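A short write-up of the structure that comes next.
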Amino acid sequence: MTQAFGPWNSTRPVGRWIAVCWLVLAVANGCLALNRSMRSEGTTNKHHLAARWVLLVALGAALLVRLVGADHEVFERAYQDEGTYYHHAAEINAGNPWRPSFVYGHVSYYAGAFALWLASLFPTGFAALATVWSGTVEAQAHQWLVLRVLVALLSAVTVLPVFGIAWWIVGGGTQDRPARALVAAACAALLYIFSPVFNHGSHLIISDYPSACLATFSLYCVVRILHTTNQRAQWRWYAAAGLFSGLAAATKYPAGTVAIAIVAAWVALTLEARRSSTAKERPSHLKTFTPLAIAGFSSLATFIAAMPTFILDPHFAIFAPRGMLFGIRQYSTGGWIGVIRENNLTFYLGVLGQALGWIALLAILVAPLALRVRERRRWLLMAFYPFAYLLLMLTMSLALERNLAPVIPVLAALAGVGVAGISEYLTSSVVKRLSARAWAPRILSSRVLSSVGPSVAIVLLAAAVPAWSTLQQTVSLARFSTRDIAARWLVDELPAGTRLFRESYTPRLPPEHFFLRRARFAARVPIEEIEQDRYQYVLLAGRAFNRFLRPADLTEDHHMVYAQRYREMFERYEEVKRFEPTRWRQGPTLILLRVVPRSNNDSG
């Protein structure tokens, strides 16, 4: 039963680390080629060499952090949104490429189908590797793992544009302060890799995190536009920026707002060209608008090509009940219990504080003050996109943590630039002034301390809290969840044939061992019905019932009914077992209650 039913056999941890090491080694060589684009032509100084090594280490760390735990609960498949992406990817892979639903963009569907097809080319080897990695022989769990690994890999390679954006904002190391560019890029990569919010979502099959990857690559192309003087090369960067923005929009529609950064860069360069040239030297209007037209055409063409079903019936794709406007209708006027916040601004600030740390957010605010004029302009142009995106999210009626995924990478880059500016100020002003004092300790006059110490200290300080949270999260993803432990305990402790009523977020259980009934919320079913059907136990999950125990969230009549039923269950039924998550173990709080029929209570 262990192999066929649950992911808890002893080979799972060993297989996880074997697979992770194999994947890290397989992509390590590719990093050397990918990071060459950050070099300026003809420059090979020590800072560029150090930057290449830092980027190599950053990619390896990103792969390790993202891939560990990719198999977390692939047998449970408890996060229901993942099922949508799996279903469409599996349907496309089975030969049904035209997807009738446009609630989400289709890039994730086709990318997932391609990954499943690649895995199917090596059925024996893939099955063996997936079994060792996940600890289960279930074919669907293996396919689930493939899609999880795809999202994790996209999340890992996003460290490349994050590093590059910070590097090029500060000048790419070509000016007289290349060390600051290295500090900015390294800090940006560190903040991104060890963002607990982004890392958690990167272990799920949802489109928010792949869209963040594509949007960040688009922004990297934009920052290269600002550094390119050759017209043909600049137009190529415009085309690439448009292509990635179109892919981002076709993955998660709101991520398409990254196109505003392309427009902002074009406006800034056009105004600069007009100010620095005479009337005779100014290009024609056609030539002025050509780069923007290239980017716009590239973006729109990519968006449509990535969703071929759109071509068959554009009206259906846009205006159907489950068309592209579905999300706008739901987010602007709809919502469900638990996602309607009292204040979206404070909610999203809390998410960003958790994602990057409060020191990094402070560094974002002070960054423009610590930059030179051209650096400040590039920083502000990169900030256009996250500002517009956050403004869009604030106008919505509901707020979710994953909504911020598309802007976390670029915010990490902007924060890295701010941290580098602060560290340079401390190095050039505070430390040097202190070392000149007669009473100052001799160690302050050390060249290493005065030049490197403040930078290292501030980078580590900025990343310490999110890195510690991500470490705990990584360990918990590599361990069995509360659902895994509860499932094993229930199978071992409850006799065969036990009648068990369970709600969502609780573990999957073998139907041959239990007589099961499942409901989205246990409180949807009247208590009298549970007792009349002679269920012996009710298994509840905190992620389900907690939303009905907060009075502020009870906005509809049926919410009140559910809340009363949950309270009655806790008052009348005996608690048999409780499974609690910890810092080092993930999963919901699970509570097993023994059903006590009313007749027994009355007779007592």
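In this text, all values refer to a predicted model and were calculated from it rather than measured experimentally. Numbers here simply count residues along the sequence, with the first being 1.
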> Rounded to the nearest 0.5 Å, how far apart are CD of Q473 and CG of L471?
Replying inline: 10.0 Å
>> Pairing donors with acceptors under 3.5 angstrom, does anything connect the side chains of T251 and Y109?
In response: no
> Hey, does the Lys NZ or Arg CZ of R322 hover above the aromatic six-ring of F326, less than 6.0 Å from the centre and inside 45° of the axis?
Replying inline: yes
> Could you give the distance from OG (S195) to CD1 (I408), rounded to the nearest 0.5 Å?
Replying inline: 4.5 Å
>> Could you report the tightest heavy-atom contact between V162 and A188, atom names first, then the distance?
In response: CG1-O, 3.6 Å
> Passes side chain to side chain contact (heavy atoms under 4.5 Å, CB included), I169 versus M382? Steps please.
Replying inline: CA-CA 9 Å; I169 284 178; M382 290 295 101; 3.7 Å; yes
> So does F384 have more than 12 non-hydrogen atoms from other groups sitting under 6.0 Å from CZ?
Replying inline: no
> Between atom CZ of F579 and atom CD1 of I485, what is the distance when rounded to the nearest 0.5 Å?
Replying inline: 8.0 Å
> Taking S298 for the side chain and I294 for the main chain, is one N or O donor matched with an acceptor at less than 3.5 Å?
Replying inline: no
>> If I compare all heavy atoms of L404 with all of L390, which pair ends up nearest, and what's the gap?
In response: CD2-CD2, 3.4 Å
>> Taking N199's backbone N and O only, do any of them form a donor-acceptor pair with H203's side chain (distance below 3.5 Å, no angle check)?
In response: yes
> Between atom CH2 of W98 and atom CG of L312, what is the distance when rounded to the nearest 0.5 Å?
Replying inline: 5.5 Å
> Under the salt bridge (Lys or Arg N to Asp or Glu O under 4.0 Å) test, which residues partner R502, sequence neighbours left out?
Replying inline: none
> Got P210 and V151 here, is their nearest side-chain heavy-atom distance under 4.5 Å?
Replying inline: yes
> With distance as the sole criterion, is a donor-acceptor pair present between the side chains of S155 and R66 under 3.5 Å?
Replying inline: yes
> At what distance, to the nearest 0.5 angstrom, does CD of E138 lie from CG of L145?
Replying inline: 12.0 Å
>> side chain to side chain contact (heavy atoms under 4.5 Å, CB included) for H88 and S101? Distances and angles first, verdict last.
In response: CA-CA 9 Å; H88 287 289; S101 173; 4.2 Å; yes
> Do the side chain of S218 and the main chain of L214 share a donor and acceptor less than 3.5 angstrom apart?
Replying inline: no
>> To check you understand the geometry: which heavy-atom pair defines the closest contact between F316 and P100, and what is its length?
In response: CE2-O, 3.1 Å
>> Counting C-beta onward and ignoring hydrogens, is there a side-chain heavy-atom pair between D484 and F75 closer than 4.5 Å?
In response: no
>> Using only atom types and a distance under 3.5 Å, with no angle test, would you say the side chain of N344 pairs donor to acceptor with the backbone of M396?
In response: yes
> Does L147 reach the side chain of Y85, with side-chain heavy atoms less than 4.5 Å apart?
Replying inline: no
> Any side-chain heavy atom of L153 sitting closer than 4.5 Å to one from L63?
Replying inline: yes
> Is the F114 to W117 ring centre distance short of 6.0 Å?
Replying inline: yes
> If you measure only the distance, is there a donor-acceptor pair under 3.5 Å linking the side chains of S245 and S299?
Replying inline: yes
>> Assess the residue pair L247 and F303 against the criterion (side chain to side chain contact (heavy atoms under 4.5 Å, CB included)); give the C-alpha distance rounded to whole Å, side-chain angles, the decisive distance to 0.1 Å, and a yes or no.
In response: CA-CA 6 Å; L247 287 175; F303 178 80; over 6 Å; no
> Is it true that atom CZ of R520 has more than 12 heavy atoms of other residues, nucleotides or ligands lying nearer than 6.0 Å?
Replying inline: yes
> Quick one: are Y192 and T216 in side-chain contact, heavy atoms under 4.5 Å?
Replying inline: no
>> If I take atom CZ from residue R148 and atom CH2 from residue W144, how far apart are they, to the nearest 0.5 angstrom?
In response: 8.0 Å
>> Salt bridge or not between D81 and R402? Use side-chain N to carboxylate O under 4.0 Å.
In response: yes
>> Within the supplied structure, the quantity of interest is the number of heavy atoms (other residues, nucleotides, ligands) at a distance under 6.0 Å from W53 CH2; does it exceed 12?
In response: no
> Would you say the side-chain atoms of Q586 and S476 include a donor-acceptor pair closer than 3.5 Å?
Replying inline: yes
> Do you know which two heavy atoms are closest between A166 and A185, and how far apart they sit?
Replying inline: CB-CA, 3.7 Å
> Is there side-chain contact between Y104 and Y253, with heavy atoms separated by less than 4.5 Å?
Replying inline: no
>> With a 4.5 Å cut-off on side-chain heavy atoms, are V491 and P510 touching?
In response: yes
> With ring centroids as reference points, do Y209 and F198 lie under 6.0 angstrom apart?
Replying inline: yes
>> More than 12 heavy atoms of other residues, nucleotides or ligands under 6.0 Å from CZ of F387: yes or no?
In response: no
> Do M324 and M307 pass the side chain to side chain contact (heavy atoms under 4.5 Å, CB included) test, and can you show the C-alpha distance, the side-chain angles, and the key distance before you say yes or no?
Replying inline: CA-CA 12 Å; M324 294 179 182; M307 296 192 291; 3.4 Å; yes
> Between H227 and W168, which heavy-atom pair has the shortest distance, and what is it?
Replying inline: NE2-O, 2.6 Å
> With under 30° as parallel and over 60° as perpendicular, where do the rings of F217 and F244 fit, or are they tilted in between?
Replying inline: parallel
> Got Y220 and F163 here, is their nearest side-chain heavy-atom distance under 4.5 Å?
Replying inline: no
> Can we say E73 and R483 salt-bridge, meaning some charged N sits less than 4.0 Å from an Asp/Glu carboxylate O?
Replying inline: yes
